[in-house]
Amino acid sequence: MTTSITAPAPPDVADPVTATTPRTVVRPGILPAPGAKVWVSACPVSWLVPGRGVAVLLPGGAQAALFLLPNGMIYAVGNIDPYAGAGVISRGLTGDRAGEPTVASPLLKQVFSLRTGAALDDPGVALPTYAVRVQHGLVRLGVPHP
């Protein structure tokens with residue numbers, strides 16, 4: 001009697017990130033606020049690297065910074081640094097302060113909450129925040145309907 005063993009299929013080499021690293025469960029970090037939204041496609045979730053940001057161009061020329069944290073949470077805040085006026089928040093350093101997920105601007109090092117957008121050291125300044133959802137492996141941002 002002959003027994004045949006089938007080798008597992010090789011990983012999809014078209015996406016080296018998912019082929020080499022296990023993925024955590026991805027969860028939106030900000031739930032949608034009430035009101036009509038236009039859901040803008042940002043990128044496939046497989047393109048996100050935990051702890052790094054991605055800049056997203058929104059309708060009307062606005063910019064968002066999209067972050068996948070190591071715990072699987074996804075957040076989206078405005079990409080324009082309110083202190084420097086430059087589109088650099090997506091290049092910021094992620095971290096946390098007392099359990100609050102944060103991003104620090106790479107230019108002047110101000111720290112913002114990824115949940116609320118508020119500057120942690122200056123309560124009068126905040127980044128806009130955007131609702132996030134993942135549908136069929138695609139990250140979408142909820143932009144208020146004009």
Side-chain angles (χ1 to χ4, degrees), residues 7-146:
D12 182 10
V13 293
D15 187 359
V17 173
T18 58
T20 59
T21 56
R23 297 306 258 157
T24 56
V25 175
V26 177
R27 301 177 307 259
I30 300 173
L31 296 177
K37 300 223 178 326
V38 175
W39 289 94
V40 178
S41 297
C43 66
V45 71
S46 63
W47 288 6
L48 299 177
V49 176
R52 297 215 175 157
V54 172
V56 179
L57 185 60
L58 300 174
Q63 296 180 30
L66 184 62
F67 295 94
L68 170 63
L69 298 186
N71 65 2
M73 299 296 283
I74 298 178
Y75 294 94
V77 296
N79 192 40
I80 304 297
D81 182 332
Y83 295 97
V88 295
I89 297 298
S90 63
R91 301 290 180 225
L93 300 172
T94 58
D96 73 72
R97 258 200 209 170
E100 180 73 15
T102 62
V103 61
S105 170
L107 294 180
L108 302 174
K109 308 302 185 248
Q110 282 82 12
V111 179
F112 300 91
S113 165
L114 286 172
R115 276 195 262 252
T116 66
L120 298 184
D121 299 322
D122 186 356
V125 177
L127 299 171
T129 59
Y130 300 95
V132 177
R133 70 181 179 191
V134 178
Q135 286 184 310
H136 308 291
L138 191 63
V139 179
R140 297 179 187 271
L141 304 183
V143 179
H145 198 337

First locate atom [atom1] of [X], then atom [atom2] of [Y], and finally report the distance between them rounded to the nearest 0.5 Å.
X	Y	atom1	atom2	answer
Gln63	Ile89	CD	CD1	10.5 Å
Thr102	Leu93	OG1	CG	9.0 Å
Gln110	Asp122	CD	CG	8.0 Å
Tyr75	Thr94	OH	OG1	11.0 Å
Asp96	Leu69	CG	CG	9.0 Å
Ile74	Arg140	CD1	CZ	13.0 Å

[X] and [Y]: which non-hydrogen atoms are nearest, and at how many Å?
X	Y	result
Ala76	Leu66	CB-CD1, 4.1 Å
Pro101	Arg115	CD-NH2, 3.1 Å
Gly92	Phe67	O-CE2, 4.4 Å
Ser41	Leu138	OG-CD2, 3.4 Å
Gly142	Tyr130	O-CD2, 3.8 Å
Gly117	Thr129	N-CG2, 3.6 Å

Would you mind reporting whether Leu114 and Val77 have side-chain heavy atoms less than 4.5 Å apart?
yes

Are Cys43 and Val56 side-chain neighbours, meaning at least one heavy-atom pair lies under 4.5 Å?
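No, their side chains stay 4.5 Å or more apart.
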
side-chain contact (heavy atoms from CB on, under 4.5 Å) partners for Ser90, two or more places apart
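side-chain contact (heavy atoms from CB on, under 4.5 Å) list for Ser90, sorted by chain: Ala55, Ala65, Asn79.
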
Is the shortest side-chain N to carboxylate O distance from Asp121 to Arg97 below 4.0 Å?
yes

Using the test salt bridge (Lys or Arg N to Asp or Glu O under 4.0 Å), find all partners of Arg52 that sit at least two apart in sequence or belong to another chain.
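Counting only residues at least two positions away or on another chain, Arg52 forms no salt bridge (Lys or Arg N to Asp or Glu O under 4.0 Å).
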
